Protein chains: 2
Amino acid sequence: MTADEAPRTRPVTLEDVAQVAGVSRATVSRVINGAQTVDPALRTSVEQAVAATGYVPNRAARSLVTRRADSIALVVSEREQRAVSGPFVGRMFTDPHFGRIVGGLLDVLRPAGIQLLLMLADDDASRSQLVSFLRQGHVDGVVLLSSHADDPLPELLTRTGLPTVLAGRPTRSAAPIAYVDVDQQAGARLAAEHLVGLGRRRIATLSGPLDMPAGQDRLTGFRTAMAALGEPDVVAVEGDFTQAGGAEAMKRLLAEHPAIDGVFIASDLMALGALPVLYREGRRVPEDVAVVGFDDSSAALACDPQLTTVRQPVEEMAAEMAGLLLRRLGEAGRSTPSAVFHPTLVLRQSA
Amino acid sequence: MTADEAPRTRPVTLEDVAQVAGVSRATVSRVINGAQTVDPALRTSVEQAVAATGYVPNRAARSLVTRRADSIALVVSEREQRAVSGPFVGRMFTDPHFGRIVGGLLDVLRPAGIQLLLMLADDDASRSQLVSFLRQGHVDGVVLLSSHADDPLPELLTRTGLPTVLAGRPTRSAAPIAYVDVDQQAGARLAAEHLVGLGRRRIATLSGPLDMPAGQDRLTGFRTAMAALGEPDVVAVEGDFTQAGGAEAMKRLLAEHPAIDGVFIASDLMALGALPVLYREGRRVPEDVAVVGFDDSSAALACDPQLTTVRQPVEEMAAEMAGLLLRRLGEAGRSTPSAVFHPTLVLRQSA
DNA sequence: GCTGACCGAGAGAGCGCTCTCTCCACAGTC
DNA sequence: GACTGTGGAGAGAGCGCTCTCTCGGTCAGC
């Protein structure tokens, strides 16, 4: 491999390449950056010199003059909840969703030569540190993963003027901010239609937290769809998108409405918690109670029986977030188009 | 917030601060970098000027001259296995482990003002691109998460001379490379002692892949401990650390040894797959078969009943990786001490 | 054959910072 | 009083790159 020739003592610079190729630094720079106004013969000899020297551009020097960082920040915004002992680990990082998003982002960013910076914000101090870091142009754009409804970060980021895209519809749509989301209501409708199509008549739902857009939308969508199917009065119990919350919500549901024969649970993780509660109460799934989840996360496969669930194409959505950002970098000051993806129903054993 | 005064049109530079404070650029630089040879009065006025202007140093300019990047790379090395359709998402990213590691790393890196770059390597092309990127000094150190045994990356990274630390003992310990790991054998011993202490006598194990250090060590440790407890002939069936692999391994185990009353499953994820197989074969857990897992991952809680499992302190281990790297940055050319953490047994319902 | 347009390549400034070197002021020594 | 020593501040170079400006050369048009 020719790159081995690059001595670690003094890295190869543009100047070195220029000398080897017998041209000026500027010409090498043109070749590296793909300028069209270069004589093909010179281009070839420059390319050979680059290969021979194992040259790789120095990012720092480049960003110093271009004022671009060639990197975007993945900001994970957590509610402040530092553990009493041991290092802090947010909910987001342990959520399988997170990894899928990272994968989808890198899939677009890597070919574009853009680095992904991982940043965490979980209290006022870290937030203001984050914002001042971002203001100084250390990154070209921001992908924000926010886990809670009353997050000031979308607002703060908008004010920095940095291209920003949110994962999921923001709570307060005050500031015009781009987001990528799945059509939550359509997903809930898929669940409703499937349960009704199965002949279930006493259908309830375990919703997500109603202060989160995803929680609201899935409930609204489900109720609307059920009403359209002739079932205007759907019982809903609020959960919190966690496994424990799912178990607790299912207990409440069964206590108040023991006769249900179908339930739409607004996240797979909640379903994972809710299923054992059903068994303990002597219900079989899907024979006695049909269950439809939401997300098609790994939790859906961990359930027994495996969960019929509404799939959101997380990886594609993440790729779209990256793409959206990249396009905005190209044309500064563009408007902020959002993207909404279509969910699909994945049929497994639970309904 | 004073930082609001920083105009996005032209960021505040050292020069600006110097002018406001009535000193030279060099003096401001000294204050920023905490040099001791500054008159207290000047220091104060510089600090005020920094606050007033909302100055934040330009990283690119700084790295250009210091030749430090103030960032470390988190390299995720995956076996090449691009999906036939849709974006690629590696196993590592969807593993809850990954998020815990990120959390632990950030916990140390953030206070030190060091950024975390996320990089992915999954084939020869991306590997050589990665290595040449790293060679050029774009990062100060590397944390490597490798998911497979025959990974050439540890070797490649060592040759770059960059401070590197591995998550988990490397397969080939040819090159002296630092790593952070849990004492796998001690963990397996905890499982063995617990199962035997429960009075179980027909104990088997579902091991991890035997071409991976973690797989080997857990099996060796379990067998050694069982032998010491008077049970030299432990049946072992090899799994692959996945949920599906766990189910498959358990089927084979039951087919060949239906009389078992205790089993050590070398990862929680495999246990998650194995438990339903036990139920389908009419065994109760823990009454008929006691089950001990390994990892104390979220999968342990997802199991029904919840899993008694060997806990490895992932977050602390990640923090140690970051700390180890930071220390090596300070004193270049240091030796490479590794760190091995002690596992503990977490008692839940499955054993 | 001369002028002007045009195209490709080089010269050189300068991005914001660090760091060495120089210089100044003051104190101490003979 | 001249000299040396010392601590603290400023001047200035230069990190590696991009990009504008300039300039030389070629060619079409009159």
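In what follows, chains are A, B, ... by sequence order, proteins preceding strands, each numbered from 1. Quantities reported herein were computed from a predicted structural model and do not represent experimental measurements.
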### Query
Is any side-chain N or O of R30(A) under 3.5 Å from a base N or O of dG10(C), one able to act as donor and the other as acceptor?
yes
### Task
Would you mind telling me which of dG10(D), dG16(D), dC17(C) lies closest to the side-chain atoms of L14(B)?
dC17(C)
### Nucleotide dG14(D), atom C1' - distance to CZ of R62(B) in whole Å
17 Å
### Query
Under 4.0 Å: is that the gap between some side-chain N or O of T27(A) and OP1 or OP2 of dA9(C)?
no
### Task
Please state how far atom CG in D70(B) lies from atom P in dC17(C), giving the value in whole angstrom units.
14 Å
### Summary
Against the side chain of V65(B), the closest entry in dC19(D), dA9(C), dT18(C) is dT18(C)
### Message
Are V180(B) and S338(B) packed together at the side-chain level, in the sense that at least one heavy-atom pair is separated by less than 4.5 angstrom?
### Response
no
### Task
Using a cut-off of strictly less than 4.0 Å, decide whether S29(A) has a side-chain nitrogen or oxygen near OP1 or OP2 of dT18(D).
yes
### Message
Side chain of Y55(A) only, heavy atoms from C-beta on: which candidate in dC17(D), dG10(D), dT18(C) is closest?
### Response
dC17(D)
### Task
Would you kindly give the CG-to-C1' distance between D39(B) and dC26(C), to the nearest whole Å?
14 Å
### Task
Tell me whether the OP1 or OP2 atom of dG16(C) has a side-chain N or O from T13(B) closer than 4.0 Å.
no
### Message
If I take atom CD in residue E15(B) and atom C1' in nucleotide dT18(C), what distance separates them, rounded to the nearest angstrom?
### Response
14 Å
#### Entry: F133(A) and H138(A) aromatic ring geometry - parallel, tilted or perpendicular at 30°/60° bounds
tilted
### Distance, rounded to the nearest Å, where H138(B) contributes NE2 and dG16(D) contributes P
12 Å
### Task
Ignoring hydrogens and angles, state whether a donor on the side chain of D16(B) or T53(B) is under 3.5 Å from an acceptor on the partner side chain.
no
### Over 12 non-hydrogen atoms of neighbours within 6.0 angstrom of CD in E47(A)
yes
### Message
In this structure, how many angstroms lie between the C1' atom of dT18(D) and the CD1 atom of I32(A), rounded?
### Response
12 Å
### Query
For R59(B) and dT18(C), what is the distance between atoms CZ and P respectively, to the nearest whole Å?
12 Å
#### Entry: Comparing T37(A) and L64(B) on DNA chain C - which has the more 5′ nearest nucleotide
T37(A)
### Message
Using whole Å, what does the distance between atom C1' of nucleotide dT18(D) and atom CZ of R25(A) come to?
### Response
9 Å
### Query
Does R67(A) place a side-chain N or O at less than 4.0 Å from the phosphate oxygens OP1/OP2 of dG16(C)?
yes
### Query
Between CE of M317(A) and CZ of R100(A), what distance do you get to the nearest 0.5 Å?
9.5 Å
### Query
Do any side-chain nitrogens or oxygens of N58(B) fall under 4.0 Å of OP1 or OP2 in dC15(C)?
no
